[in-house]
**Student:** 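Below you'll find the structure I mean.
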There are 2 protein chains.
Amino acid sequence: MKNEPAVPPYHIASVDHALRLLLLLKTKPSIRVAEAADELDVARSTAHRLLAMLVYRGFAAQNPTTRAYHPGPVLIEVGMGALSKLDVRRKARPYLERLVATTGETASLQILEGNHVRFVDSVESANAVRVASRAGVSLPAHASSGGKVLLAGMSLEAVQRLYPHEKLEQVTEATNTDRSTLFEELAEARALGYSVNHGESEPGLVAVGVPLPDRTGIPVASLTIAGPTARMGPEGVNRAVEALREAAKELSESLYR
Amino acid sequence: MKNEPAVPPYHIASVDHALRLLLLLKTKPSIRVAEAADELDVARSTAHRLLAMLVYRGFAAQNPTTRAYHPGPVLIEVGMGALSKLDVRRKARPYLERLVATTGETASLQILEGNHVRFVDSVESANAVRVASRAGVSLPAHASSGGKVLLAGMSLEAVQRLYPHEKLEQVTEATNTDRSTLFEELAEARALGYSVNHGESEPGLVAVGVPLPDRTGIPVASLTIAGPTARMGPEGVNRAVEALREAAKELSESLYR
DNA sequence: CGGCTCATTCTTCATGGCGGAATCATAGCC
DNA sequence: GGCTATGATTCCGCCATGAAGAATGAGCCG
């Protein structure tokens with residue numbers, strides 16, 4: 001479970017209501033005034049005005065027959081726009097394809113979101129037995145190789161803020177659940193320049209990740225190669241590390257031209 | 001060209017500022033406090049608090065180095081979801097065309113949105129009497145064959161969350177309105193691998209749906225064939241089931257390359 | 001170290017956003 | 001057609017909130 005973000009010092013209740021409505025529309029494609037009022041714990045007149053604002057700016061649309069509200073085109077547009085502006089995603093695609101061609105395993109690109117990583121793109125291996133695309137999926141950073149290399153590029157203070165408790169979330173039996181052990185793993189990842197995930201996110205899966213730093217040297221994304229245990233022994237891991245290092249170097253250079 | 005929407009009678013300025021900020025994040029990869037203040041024509045302290053609210057609810061994230069704000073995980077998630085839909089739609093189109101050619105009835109692709117299904121794409125039958133395209137339309141999942149096969153692929157807990165009440169929405173006289181009966185129907189759909197809708201969404205319409213699973217086996221979309229009662233007797237239904245099964249198998253394999 | 005620029009925090013107060021009442025719209029029943 | 005029930009929408013008065021501006025903080029540069 002992701003950490004609860006800190007409540008801003010000067011909280012704007014009406015804006016918060018509106019954003020929570022957007023979050024509701026994301027999960028419930030149809031919502032009525034009374035329902036919105038219940039969920040937000042506001043008066044129906046308040047809910048009605050908030051929904052009218054979402055409709056006005058295109059974030060919601062009202063079905064004239066049922067009077068229910070649905071996500072509007074602008075919400076999708078903003079999301080698509082946010083994704084298309086992710087420079088790293090667009091430029092990384094050819095490198096993911098190349099990594100798959102070179103190593104025969106599934107290649108992915110991840111970005112850090114709090115103490116999780118999100119797979120923003122994936123190209124699958126052609127092998128019948130392979131790691132499937134996880135594009136869109138979010139995983140705890142400490143339980144993934146792509147996450148660990150991103151955490152390794154941060155200061156100790158920053159990592160402590162993301163992981164305020166000693167106990168970490170367990171994903172599989174192989175997941176490390178001690179923060180102090182995580183710090184050691186991050187130190188190792190920093191030294192090696194890559195990290196390996198031996199079944200920490202899923203049994204039978206081995207993944208290797210390297211960071212993609214920005215101009216300041218701080219990683220903003222990571223590249224990973226993942227395969228089944230049978231093909232990802234020491235030789236497979238080494239081959240993945242080589243291919244990832246080369247791809248990351250060239251991609252980093254192309255990202256900041 | 002879309003008309004400018006009417007300004008709501010009770011305009012909420014603070015909510016409007018926040019929504020306009022989201023719109024800015026659609027076109028600019030990142031934005032700074034002063035820039036936001038200029039664009040919204042508010043004080044920098046106001047812009048700062050608005051951005052803090054977007055960060056709080058995940059719509060924006062702040063780069064600790066540059067202090068600029070960029071789209072947050074919620075917007076990335078919305079974008080990934082929309083992109084995923086587009087991808088499935090593009091790949092499914094030839095199969096829908098083939099299904100129409102094979103069965104002579106209208107074929108459609110649906111995705112689950114909460115406890116509704118949305119018709120993402122449709123190819124209409126060439127027969128004069130036919131089920132029209134419902135692309136863009138949203139229907140209760142429990143009242144559609146495409147919806148039922150999607151619900152059948154979910155855990156009981158997940159279905160209970162989507163349907164918290166025993167009473168279900170009635171669409172036609174044929175619609176089942178009991179949740180416990182829905183659970184039985186889902187068990188049947190799970191066993192058969194398909195579901196049939198006899199006039200539950202519209203009188204005179206019969207539809208057959210099969211799931212399109214992703215790599216994890218969980219269905220993310222469904223294919224349906226729909227026709228008028230006169231042509232969709234037991235023989236028509238069986239023909240549809242065969243054609244759908246074949247199409248779904250091939251399409252599933254192609255979706256995740 | 002001082003100056004500059006932008007970000008962030010704090011304080012005060014005017015008004016914007018709230019809830020509740022009143023009214024409207026629609027569906028269902030007789 | 002009239003009535004009732006339910007949910008949506010509009011209106012109004014009030015006060016707590018969200019605004020701006022001042023003060024402070026942070027980082028960079030010469």
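Residue numbering restarts at 1 for every chain, and letters A, B, ... go by the order of the sequence lines.
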**Student:** Would A/Glu35 and A/Lys28 count as a side-chain contact (heavy atoms from CB on, under 4.5 Å) if you check the C-alpha gap in whole Å, the side-chain angles of each, and the deciding distance to 0.1 Å?
**Tutor:** CA-CA 11 Å; A/Glu35 211 176 337; A/Lys28 285 166 167 266; 3.0 Å; yes
**Student:** Take the protein atom CG of B/Asn63 and the nucleotide atom P of D/dG27, then report the distance between them rounded to whole Å.
**Tutor:**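 It works out to 13 Å between those atoms.
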**Student:** Taking CG from A/Leu51 and C1' from C/dG17, how many angstroms apart are they, rounded to a whole number?
**Tutor:**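 These atoms are roughly 15 Å apart.
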**Student:** Contact class for A/Val15 vs. all strands (heavy atom < 4.0 Å): base, sugar-phosphate, or nothing?
**Tutor:**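 If one applies the 4.0 Å heavy-atom cut-off, A/Val15 turns out to touch nothing in the nucleic acid.
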**Student:** Give the rounded distance in Å between these two atoms: CG of A/Leu21 and C1' of C/dG17.
**Tutor:**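 So the two atoms are 15 Å apart, to the nearest Å.
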**Student:** Does the side chain of B/His17 get closer than 4.0 angstrom to OP1 or OP2 of D/dA19 through an N or O atom?
**Tutor:**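 B/His17 to D/dA19 OP1/OP2: side-chain N or O found under 4.0 Å.
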**Student:** Could you walk me through whether A/Tyr56 and B/Leu19 satisfy the side-chain contact (heavy atoms from CB on, under 4.5 Å) test, starting with their C-alpha distance in whole Å, then the side-chain angles of each, then the deciding distance to 0.1 Å, before giving a yes or no?
**Tutor:** CA-CA 10 Å; A/Tyr56 169 54; B/Leu19 297 181; over 6 Å; no
**Student:** Rounded to whole Å, how long is the line connecting atom CD1 of B/Ile12 with atom P of D/dT10?
**Tutor:**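 Interatomic distance, CD1 of B/Ile12 to P of D/dT10: 13 Å.
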**Student:** Find the distance A/Met53:CE to D/dT9:P and express it as a whole number of Å.
**Tutor:**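 Result: 16 Å.
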**Student:** B/His11 NE2 to D/dA19 P: how many Å, rounded?
**Tutor:**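 My rounded result for the distance is 12 Å.
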**Student:** Heavy atoms under 4.0 Å is the rule here; annotate nucleotides 5-14 of chain C 5' to 3' with B where the base is hit, S where only the sugar-phosphate is, and - elsewhere.
**Tutor:** -SBBBBB---
**Student:** Check whether the side chains of A/Ser138 and A/Glu113 place a donor and an acceptor atom closer than 3.5 Å, and report yes or no.
**Tutor:**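 No, A/Glu113 and A/Ser138 have no side-chain donor paired with an acceptor closer than 3.5 Å.
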**Student:** Tell me the interatomic distance from A/Asp16, atom CG, to C/dG17, atom C1', rounded to whole angstroms.
**Tutor:**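 Result: 15 Å.
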**Student:** Scan A/Ala13 against the nucleic acid and name what it touches under 4.0 Å (heavy atoms): base, sugar-phosphate only, or nothing.
**Tutor:**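 Sugar-phosphate: the residue A/Ala13, judged by heavy atoms under 4.0 Å, touches backbone atoms but no base.
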**Student:** Do the side chains of B/Glu105 and B/Arg130 get close enough for a salt bridge, i.e. N-O under 4.0 angstrom?
**Tutor:**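 So B/Glu105 does not pair with B/Arg130 through a salt bridge.
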**Student:** Can a salt bridge be assigned to the pair A/Glu188 and A/Lys148 using a cut-off of 4.0 Å between side-chain N and carboxylate O?
**Tutor:**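 The answer is no: the pair does not qualify as a salt bridge.
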**Student:** Rounded to the nearest 0.5 Å, what's the gap from OG on B/Ser125 to CD1 on B/Ile225? Could you check?
**Tutor:**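 Rounded to the nearest 0.5 Å, the OG-CD1 separation comes to 10.5 Å.
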